[in-house]
Enquirer: 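My questions will all concern the structure given below.
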Amino acid sequence: IRDVFMDKPYIDRLNKKVIAVIVTQDHKINYPFELFYSNTFPTLFFVNHKEIFVTSPITNITSQKIEDITIKLSNF
């Protein structure tokens, strides 16, 4: 996860468009877990300020997947 989110050019674009929620296996007390359910960890969810999903959940998180999402989101 660090390799995907640290010092990447798309982070600013993501922060302007969505709220990123990363659910890990031990991530039960930090966020309302019942909103974001997955059997695969880590899973990344992008939601808007009303907690409505703007993409499908992302597993096997890579920089390329995140870059592709930010390009799609910039068209909204």
Enquirer: Any chance you could measure Leu44, atom CG, to Thr55, atom OG1, to the nearest 0.5 Å?
Expert: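 Those atoms lie 7.0 Å apart.
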Enquirer: My understanding is that only residues two or more places apart in sequence, or in another chain, count here; which of them pass side-chain hydrogen bond (donor to acceptor under 3.5 Å, both in side chains) with Asp68?
Expert: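 Scan of Asp68 (side-chain hydrogen bond (donor to acceptor under 3.5 Å, both in side chains), adjacent residues dropped) gives Gln64.
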Enquirer: Is there side-chain contact between Val18 and Leu73, with heavy atoms separated by less than 4.5 Å?
Expert: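 Contact flag for Val18/Leu73 side chains = yes.
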Enquirer: Do Ile58 and Thr43 come within less than 4.5 Å of each other through their side chains, counting heavy atoms only?
Expert: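 Ile58 vs Thr43: side chains apart.
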Enquirer: What residues form a side-chain contact (heavy atoms from CB on, under 4.5 Å) with Lys50, not counting sequence neighbours?
Expert: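 Counting only residues at least two positions away or on another chain, Lys50 forms a side-chain contact (heavy atoms from CB on, under 4.5 Å) with Asn48, Ile52.
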Enquirer: Looking at Phe45 versus Phe53, is the centre-to-centre ring distance below 6.0 Å?
Expert: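 So the answer is yes for these two rings.
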Enquirer: Donor-acceptor pairs under 3.5 angstrom involving side-chain atoms of residues 5-14: please list them, not counting sequence neighbours.
Expert:
unit_1: Lys8; atom_1: NZ; unit_2: Asp3; atom_2: O; d: 3.4
unit_1: Tyr10; atom_1: OH; unit_2: Val4; atom_2: O; d: 2.5
unit_1: Tyr10; atom_1: OH; unit_2: Ser63; atom_2: OG; d: 3.4
unit_1: Arg13; atom_1: NH2; unit_2: Glu67; atom_2: OE1; d: 3.3
unit_1: Arg13; atom_1: NH2; unit_2: Glu67; atom_2: OE2; d: 2.9
unit_1: Arg13; atom_1: NH2; unit_2: Thr70; atom_2: OG1; d: 3.2

Enquirer: Which residue pairs pass the salt bridge (charged side-chain N to carboxylate O under 4.0 Å, His left out) test when at least one of the two sits in residues 56-65, sequence neighbours left out?
Expert: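 Pairs touching residues 56-65 that pass the test: none.
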